[in-house]
Amino acid sequence: MTDTEKKPLNFIEKIIEDDLASGKITQLHTRFPPEPNGYLHIGHAKSICLNFGLAKKYGGTCNLRFDDTNPAKEEIEYVESIKEDVKWLGFEWHGDIRYTSDYFDQLYDWAIYLIKEGKAYVCDLNADEIREYRGNLKQAGKESPYRNRSVEENLKLFEKMRAGEFAEGACSLRVKIDMAHPNMQMRDPVIYRIKHTDHHQTGDKWCIYPSYDYAHGQGDAIEGITHSICTLEFVEHRPLYDWFIQNLPVPHTPHQYEFSRLNVNYSVTSKRKLKQLVDENIVSGWDDPRMPTISGMRRRGFTPKSIRDFVDSTGVTKVDGVVDVSQLEFAVREDLNTNAPRAMCVIHPLKVTLTNYPADKVEEMSAPLHPQREELGTRTLPFTQTLYIDKADFQESANKKFKRLVLNKRVRLRNAYIIEADEAIKDENGNIIEVKAHIIEDTVGKNPQDGIKAKGVIHWVSATQNVDCDVHLYDRLFTDKAPDAGGKDFMESINPDSLKIVTGCKAEVNLAEPRTDIPYQFEREGYFFADSKSDGKRVFNRTIGLRDTWASRS
RNA sequence: UGGGGCGUCGCCAAGUGGUAAGGCUCUGGGUUUUGAUCUCAGCAUGCGUAGGUUCGAGUCCUACCGCCCCAGCCA
């Protein structure tokens, strides 16, 4: 997406433009607020692109805020990986990194304010009792017997909570709204709970922690966030969000807007499920190239731009949908096709001996790094008497649709000569182990003088001057389009062939020290990215294959 | 309906009363030293269903149907 064409505005952009036009806001301020309790995945990428993208588009700012209100689930390791992922995707947060925990003192003071206003109380009901008193979807709840404690008593009790005088679960601070409210979120929600757990940012300073609902909007208000964008499951929290903003002396009035989460078929994104895949060794880790995590996609070779383009292509709406992976694959291929340098690698080597080519001769073939982009320059390929071509590119006989090497027929060796096959050498089991062929003289960069053209082009590599490598071929992790839909057990549709390791592949010499910033296109095979975790061994992860209309037709 | 959100092509998605954009996928043709790229063409008489208002409705009204979310001291 090169541009700024007249792409229609999404509903959030319309709201922003209206707010800017009406003077409701003078500058846009957004935020990306992950909880550091796991690795970011493609769904988060959408939120990142939306929040940072909007700020950029409208000349505003976007904060990175760790929503760290639950120390029991969070770890510093996750804040580090999240920072890395956001930067890698190409975004820069405004100013310092924010933590909701930076506001714990202010939040505590506001809790006391609510108590003094008679709007919050310490409740001694335990979790089970609170659930019972809450009622259910069709029945109003009952008020807690502790709901009418005096301000003084609440103040004293809350101070004791903070001082660590109660065990976890002994009591909680609740806000007094309406136990009969049709919206369950408004039935006196808990805003502070006791957790005798150290926090990765605040250490042992606190033993009571604010809830998400109580902390989020206030964090937005403190940071001057104008548009607090989140996903659809928070729609019913909005009245609560607004309640806090209205009932507390906050410095700004932020507003929450919800859009639908990004889902991609043939994959799962729930943290719990991704963790299960890791724990049960279905994948090698959170950054396994088959994972929908940002780190997994990075290791696989997806580029930041391809992910951004994909996310932008899916639109911002309130419709629950599932985007087809083909849309993601398209974005990856689109970017890689225009930017990946070309190279040749024979994955299933078959030896070819050129009987009319001198054994000691080496010709330096020049090949462009990109066929459509001359400015990228060229590379050199040694051409020798013995070569490797792919086993799939030779057949003793074939019909006319087979555009590769066939006995007594010609084929073009990419960036080199046209050759003609003369004989197939087989082992005792009848397997072809070598092909004898001869070159057609004077066909480098030109057609044969006898007018008999080659019908196809295949890739090759010198059998004496090449580098060994392994190739990891990835396929989708699940065979089911919706692995976890309708309560299905996603573990039952794991694709047993999601990874095929091929060893003994032969790559052109220029791949001896492969680039680590972008995948290569192994011509006719696909895009391959040097694996970042295979030191010592040369391993290429197949990012994605080339579009193949041939395979689907046959 | 307890309350809330949502229903336009296989998948995303424009459309805000004037006679259904675009992208992905798919299907054909052309170019091509990657069966890639590029390029040309095709692909919703119909917008969850049924009525109604209107000269005219995906857009307004009514009823119905379907899907998703909420009963954590998770976020």
Side-chain angles (χ1 to χ4, degrees), chain A residues 5 7-10 33-35 37 67-70 72-73 123 125-127 130-132 134-141 168-174 181-187 189-195 208-209 211-213 215-216 230 232-239 258 260 262 265 271 310 313-331 333-334 337-338 342 344 367 370-372 401-404 411-416 418 443-447 453-454 456-459 521-526 545-554:
Chain A
E5 311 152 355
K7 198 179 163 187
L9 299 180
N10 63 51
E35 180 188 20
N37 68 343
D67 215 351
D68 54 353
T69 56
N70 187 354
K73 293 192 172 183
C123 182
L125 256 26
N126 63 35
I130 284 184
R131 190 180 314 121
E132 277 173 41
R134 184 156 34 224
N136 58 45
L137 298 179
K138 298 193 176 186
Q139 270 187 329
E168 287 190 13
C171 55
S172 60
L173 184 69
R174 297 225 261 162
H181 200 108
N183 180 340
M184 299 296 286
Q185 309 302 324
M186 302 296 269
R187 322 246 262 224
V190 168
I191 64 170
Y192 263 99
R193 42 347 177 176
I194 299 168
K195 277 183 191 291
I208 56 172
Y209 293 94
S211 65
Y212 161 84
D213 286 302
H216 206 92
C230 61
L232 245 30
E233 65 268 29
F234 292 102
V235 169
E236 39 277 304
H237 291 244
R238 191 177 348 120
E258 314 84 11
S260 57
L262 170 61
N265 61 193
K271 213 159 273 176
F310 164 63
S313 79
T314 59
V316 179
T317 67
K318 293 169 100 84
V319 184
D320 291 305
V322 182
V323 179
D324 203 290
V325 258
S326 67
Q327 201 161 328
L328 205 207
E329 295 173 341
F330 171 79
R333 290 195 180 104
E334 187 182 46
N337 176 55
T338 78
R342 311 287 125 128
M344 291 199 283
H370 189 113
Q372 280 83 38
K401 288 187 175 176
F402 187 77
K403 294 166 53 177
R404 309 177 190 183
V411 79
R412 159 76 66 185
L413 290 179
R414 178 82 168 150
N415 299 123
I418 283 176
T443 51
V444 177
K446 55 181 85 164
N447 283 320
K453 297 181 181 176
V457 181
I458 62 174
H459 56 103
Q521 182 196 95
F522 287 175
E523 290 186 293
R524 301 210 314 131
E525 293 288 1
L546 257 26
R547 185 162 162 267
D548 191 354
T549 50
W550 169 245
S552 61
R553 281 180 212 188
S554 48

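In the text below, chain A, chain B and the rest are named by the order of the sequence lines, each starting its count at 1. Side chains are part of it too, since the values below use all heavy atoms of this structure and drop only hydrogens, waters and symmetry mates.
- In this structure, A:Q327 contributes its side chain and A:S313 its backbone to a donor-acceptor pair below 3.5 Å.
- Across all strands shown, B:rA44 has no partner, as no Watson-Crick or G-U wobble contact with both distances under 3.5 Å is found.
- Atom CE of residue A:M344 and atom CZ of residue A:R524 lie 10.5 Å apart, to the nearest 0.5 angstrom.
- Closest to the side chain of A:E236, out of B:rC69, B:rA36, B:rA75, is B:rC69.
- As rounded to whole Å, 11 Å separates atom P of B:rC26 from atom CG of A:D548.
- Within 4.0 Å of A:D213, counting heavy atoms only, lies no atom of the nucleic acid at all.
- Backbone-only engagement by A:G321 is indicated by non-hydrogen atom pairs under 4.0 Å involving sugar-phosphate atoms exclusively.
- Here, B:rA36 and B:rG17 have their P atoms 45 Å apart, quoted to the whole Å.
- The nearest whole Å value for the distance from the CZ atom in A:F522 to the P atom in B:rU37 is 19 Å.
- In summary, the side chains of A:S326 and A:D324 do present a donor paired with an acceptor at a separation below 3.5 Å, with no hydrogens or angles considered.
- We find that CD of A:E233 is positioned 8 Å from P of B:rC70, with the value rounded to whole Å.
- Map A:D324 and A:E35 each onto its nearest nucleotide of RNA chain B; the residue landing nearer the 5' end is A:D324.
- Taking 3.5 Å as the limit, the base of B:rU37 and the side chain of A:R333 contain no donor-acceptor pair of atoms between them.
- The shortest distance between side-chain heavy atoms of A:L413 and A:I458 falls below 4.5 Å.
- A gap of 50 Å separates the C1' atoms of B:rA75 and B:rG56, to the nearest Å.
- Contact between the side-chain N/O atoms of A:K195 and the OP1/OP2 oxygens of B:rC74 is found at a separation under 4.0 Å.
- Side chain of A:K318, nearest nucleotide from B:rU37, B:rG5, B:rA75: B:rG5.
- For the P atoms, the distance linking B:rG28 with B:rU37 amounts to 15 Å, nearest Å.
- As a whole-Å value, the separation of A:Y212 OH from B:rC73 P is 15 Å.
- When the C1' atom of B:rG72 is taken as reference, atom CD1 of A:I191 falls 16 Å away, rounded to whole Å.
- Taking every side-chain heavy atom of A:N337 into account, B:rU37 is the closest of B:rC12, B:rC24, B:rU37.
- A:L125 comes within 4.0 angstrom of a base, heavy atoms only.
- Distance alone, capped at 3.5 Å, is enough to place a donor-acceptor pair between the A:R333 side chain and the A:G545 backbone.
- Straight-line distance between the P atoms of B:rU27 and B:rC60: roughly 38 Å, to the nearest whole Å.
- When the side-chain nitrogen and oxygen atoms of A:T549 are compared with OP1 and OP2 of B:rA36, one or more of them lie within a distance under 4.0 Å.
- Applying the Watson-Crick and G-U wobble criteria (two distances, each under 3.5 Å), B:rU62 pairs with B:rA50.
- The side chain of A:R131 approaches B:rA71 more closely than any other nucleotide in the set B:rG35, B:rA71, B:rA14.
- Distance from the side chain of A:R134 is smallest for B:rG72 among the nucleotides B:rG5, B:rG72, B:rC24.
- At a cut-off of 3.5 angstrom, the base of B:rA71 holds no donor-acceptor pair with the side chain of A:E132.
- The aromatic rings of A:Y212 and A:H237 sit perpendicular to each other, their planes meeting at more than 60°, with 30° as the lower class boundary.
- Taking CD from A:Q521 and NE2 from A:H370, the interatomic distance works out to 8.0 Å, rounded to the nearest 0.5 Å.
- Which of B:rG5, B:rC24, B:rA21 sits closest to the side chain of A:P8 comes down to B:rA21.
- The aromatic ring of A:W550 stacks onto the base of B:rG35, its centre lying under 5.5 Å from the centre of the six-membered base ring with the two planes under 30° apart.
- Rounded to whole Å, the P atom of B:rA57 lies 15 Å from the corresponding atom of B:rU16.
- Across B:rG2, B:rC24, B:rA75, the shortest atom-to-atom separation from the side chain of A:F330 is found for B:rC24.
- In textbook terms, a nucleotide whose glycosidic angle is within 90° of 0 is syn, and B:rG72 is one such case.
- Here A:R238 does not reach the OP1 or OP2 of B:rG4: none of its side-chain N or O atoms lies under 4.0 Å away.
- Within 4.0 Å of A:G456, counting heavy atoms only, lies no atom of the nucleic acid at all.
- Closest to the side chain of A:R193, from the set B:rU34, B:rG35, B:rC73, is B:rC73.
- Distance A:L546 CG to B:rC38 C1': 14 Å, rounded to the nearest Å.
- OP1 and OP2 of B:rC24 both lie 4.0 Å or more from every side-chain N or O belonging to A:S313.
- Nucleotide B:rC74 holds its C1' atom 12 Å from the CD atom of A:Q185, rounded to whole Å.
- Under the Watson-Crick or G-U wobble criterion, with both distances below 3.5 Å, B:rC38 is paired with B:rG30.
- Side-chain nitrogen and oxygen atoms of A:R547 include at least one within less than 4.0 Å of the OP1 or OP2 phosphate oxygen of B:rU37.
- Comparing B:rA14 with B:rG4, their C1' atoms sit 26 Å apart, to the nearest whole Å.
- Judged by distance alone, the side chains of A:R187 and A:H181 never bring a donor and an acceptor atom under 3.5 Å apart.
- When atom types are taken as modelled, the side chain of A:R342 and the backbone of A:A367 share no donor-acceptor pair closer than 3.5 angstrom.
- Across B:rG7 and B:rG46, the matching C1' atoms stand 16 Å from one another, rounded to whole Å.
- Of the candidates B:rU34, B:rG5, B:rC6, the closest approach to any side-chain atom of A:V457 belongs to B:rU34.
- Out of B:rC74, B:rU34, B:rA71, the shortest distance to the side chain of A:L137 is found at B:rA71.
- Comparing B:rC64 with B:rA21, their P atoms sit 33 Å apart, to the nearest whole Å.
- Look at CE on A:M186: it is 17 Å from C1' on B:rC69, rounded to the nearest Å.
- Place A:V190 and A:A416 on RNA chain B by their nearest nucleotides, and A:A416 ends up nearer the 5' end.
- Side-chain N/O atoms of A:Q139 and base N/O atoms of B:rG2 include no donor-acceptor pair closer than 3.5 Å.
- A:Q521 contributes a side-chain N or O that forms a donor-acceptor pair with the base of B:rU34 under 3.5 Å.
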